[in-house]
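To keep things clear, I will list the structure first and then write my remarks on it.
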Amino acid sequence: MEPQKILITWWLGYIWSHTAALFAQSGYEVVLLDNLSNTHKDQVLSSLKILTWKDLTFYEGDVRDYDFLDKVFEQEKPDGVIHFAAKKAVWESCHDPFLYYDNNINGTITLLEIMDKYQVKNLIFSSSATVYDAEKNVPPFTETDRLNTTNPYWTTKLVMEFLLKDMSQHKGFNVICLRYFNPIWAHHSWLLGENPKGIPTNLVPYLLKVAKKEIEKITIFWDNYPTPDGTCIRDYIHIEDLAQAHLQSYDYLLKKVEKEQITEEGNLAPAFEIFNIWTGNGKSVKEMLNIAETVVWEEINNEIGERRDGDVAVSVANPIKAKQILWWEPQKSIVEAVEDAWNFYSANKGA
Ligand code: UDP
């Protein structure tokens, strides 16, 4: 059998690089697409080459650009798509919701139109556990819990899930939505990791930049939430566990499509599945601060500040469905994840 060719869309560079490495190492042909809005391209591509021993095909462009995507699909004829491309900062989405609806929703619609044109029907979608109603559900959330969001970024993820469900039902797409949150992005090789342009918005890279004295201090966004230490609880996960979940999901999708039952009308029933990809073990901001201090061997300068727009107290989900159906389980601890991030950051500082 010919190796499957996978197209990976991404705008922020991190998850796709790990997932790209794993797919390439697992025998897939990988094509990458990024608009480079937040990525050090040369560093990522050369690291991918060292890890995979391959020059992965790379296209610079935007998933909202129909003509660009058309050319890529015509040239590459991929068998499936892993769709990461989305903007992802809560505060930014509150300040500019148009930007988020345009990037995330219009980008997905354009991608689906092109996939439909070329009859590429298999898609893994990078969703988010932020689609859960954090006020009404009791954590850990399960895939059938109530859905609701509190800011435009999260809403775009929920809309994309609905969009994909409709497209699965009415246009025959086979889709798996992976709901996750708070990845820590460094590969154990120290070759791939988070190196955002400018000041980071996420907790772990921010903590590490303060530890490196590149930023004076970190503000903990409020300490009066209804949690044991008053700070928000999230479920942080090592990026390699997440990449593995994408690989196992795609393999599962292929097997499911192969074996799929025929509908009464004699058509192939499309697949649509949702999985939580989490550890099920949340940590508060203060606990993360302590872990980071243990890893870097010194205190990290911090202060308590106001709550951030759009934050919820606890976001932790139950990964049991992924364990039972995908046979996926996280292999790496949170301490390992922060250590890998610190090692990557120390090795690549200023890159
Ligand atoms: N956080 C914080 N200070 C920061 C960045 C983040 O206290 O400078 C908190 C934030 O309120 C949230 C948690 O750390 O509770 C994780 O935030 P992050 O932005 O990494 O991910 P999110 O959960 O918002 O997607």
Side-chain angles (χ1 to χ4, degrees), residues 14-15 18 88-91 128-130 134 138-141 180-190 192-196 199-242 276-319 329-349:
Y14 309 121
I15 299 185
H18 300 265
K88 65 170 190 72
V90 170
W91 65 271
S128 172
T130 55
V138 179
F141 311 138
Y180 46 80
F181 206 26
N182 304 105
I184 299 179
W185 321 82
H187 195 267
H188 70 274
S189 65
W190 311 358
L192 295 172
E194 183 161 17
N195 199 354
I199 295 181
T201 52
N202 292 119
L203 181 65
V204 172
Y206 208 111
L207 285 169
L208 299 184
K209 285 218 177 219
V210 177
K212 280 280 175 200
K213 315 282 186 258
E214 288 175 27
I215 301 176
E216 193 203 333
K217 64 179 150 199
I218 181 154
T219 303
I220 294 176
F221 296 136
W222 217 40
D223 65 348
N224 204 13
Y225 283 97
T227 60
D229 67 17
T231 63
C232 293
I233 294 179
R234 299 284 181 273
D235 190 340
Y236 300 87
I237 185 167
H238 196 297
I239 191 71
E240 288 175 54
D241 282 327
L242 210 47
N276 285 334
I277 302 297
W278 281 16
T279 68
N281 178 17
K283 292 270 178 274
S284 73
V285 177
K286 283 188 180 165
E287 286 175 310
M288 290 304 288
L289 174 72
N290 290 339
I291 290 172
E293 287 180 335
T294 313
V295 167
V296 307
W297 283 75
E298 60 178 277
E299 282 187 12
I300 295 177
N301 196 12
N302 66 87
E303 64 177 4
I304 305 296
E306 294 300 309
R307 60 182 294 169
R308 186 174 62 175
D309 261 4
D311 272 345
V312 296
V314 182
S315 193
V316 178
N318 185 334
E329 255 189 289
Q331 304 294 318
K332 305 233 171 185
S333 73
I334 188 73
V335 176
E336 277 177 274
V338 176
E339 274 170 359
D340 286 344
W342 178 242
N343 290 333
F344 170 81
Y345 190 64
S346 302
N348 293 277
K349 189 169 161 257

**Message:** Let me confirm one number: the CG-CG distance from Asn224 to Asp229, rounded to the nearest 0.5 Å.
**Reply:** 11.0 Å

**Prompt:** Just by modelled atom types, is the Trp185 backbone N or O under 3.5 Å from a matching donor or acceptor in the His18 side chain?
**Reply:** yes

**Prompt:** What distance do Asn182 atom CG and Thr130 atom OG1 have between them, rounded to the nearest 0.5 Å?
**Reply:** 9.5 Å

**Fill in**
In terms of heavy-atom contacts, Asp340 and Ala186 come closest through O-CB, 3.3 Å

**Message:** Would the distance check show the side chain of Asn302 and the main-chain N or O of Ile218 forming a donor-acceptor pair, the cut-off being under 3.5 Å?
**Reply:** no

**Prompt:** Taking only residues at least two apart or on different chains, which pairs with a member in residues 298-307 satisfy salt bridge (Lys or Arg N to Asp or Glu O under 4.0 Å)?
**Reply:** Lys213-Glu298, Lys217-Glu303

**Message:** Restricting to non-hydrogen atoms, name the atom on Lys212 and the atom on Ser346 that form the minimum distance, rounded to 0.1 Å.
**Reply:** NZ-OG, 3.4 Å

**Asked** Any side-chain donor-acceptor pair under 3.5 Å between Asn202 and Lys88?
**Response** yes

**Fill in**
Tightest non-hydrogen contact, residues Leu289 and Ile300, listed as CD1-CB, 3.9 Å

**Fill in**
Rounded to the nearest 0.5 Å, the CG atom of Asn276 sits from the CZ atom of Phe141 at a distance of 9.5 Å

**Item:** Contact check, side chains of Arg234 and Met288, non-hydrogen atoms, under 4.5 Å
**Value:** no

**Trp222 atom CH2, neighbour heavy-atom count above 12 within 6.0 Å** = yes

**Prompt:** Can you name the one residue among Ile291, Ile233, Thr231 that meets side-chain contact (heavy atoms from CB on, under 4.5 Å) with Lys286?
**Reply:** Thr231

**Asked** Glu329 and Asp241: which non-hydrogen atoms are nearest, and at how many Å?
**Response** O-OD1, 4.3 Å

**Asked** Which value, rounded to the nearest 0.5 Å, describes the distance between Leu208 atom CG and Leu203 atom CG?
**Response** 9.0 Å

**Prompt:** Any idea how Phe181 and Trp278 line up, ring-wise: parallel (<30°), tilted (30 to 60°), or perpendicular (>60°)?
**Reply:** parallel

**Message:** Against Cys232, only a single residue in Val285, Thr227, Val314, Val312 fulfils side-chain contact (heavy atoms from CB on, under 4.5 Å); can you say which?
**Reply:** Val285

**Message:** I need the minimum non-hydrogen distance between Asn281 and Val316, along with the two atoms involved.
**Reply:** N-CG1, 4.2 Å

**Prompt:** Under 3.5 Å, is there a donor-acceptor pair between the Glu336 and His238 side chains?
**Reply:** no

**Prompt:** Nearest 0.5 Å, what's the CD1-CD distance between Ile184 and Glu339?
**Reply:** 11.0 Å

**Prompt:** Between Leu242 and Ile239, is a side-chain contact (heavy atoms from CB on, under 4.5 Å) present by the stated rule, with each step listed?
**Reply:** CA-CA 5 Å; Leu242 210 47; Ile239 191 71; 4.3 Å; yes

**Asked** Do you know the tightest heavy-atom contact between Ala313 and Pro226?
**Response** CB-CD, 3.9 Å

**Message:** Walk me through whether Thr294 and Val335 qualify under side-chain contact (heavy atoms from CB on, under 4.5 Å).
**Reply:** CA-CA 9 Å; Thr294 313; Val335 176; over 6 Å; no

**Asked** What is the distance from atom OH of Tyr236 to atom OG1 of Thr279, rounded to the nearest 0.5 Å?
**Response** 11.0 Å

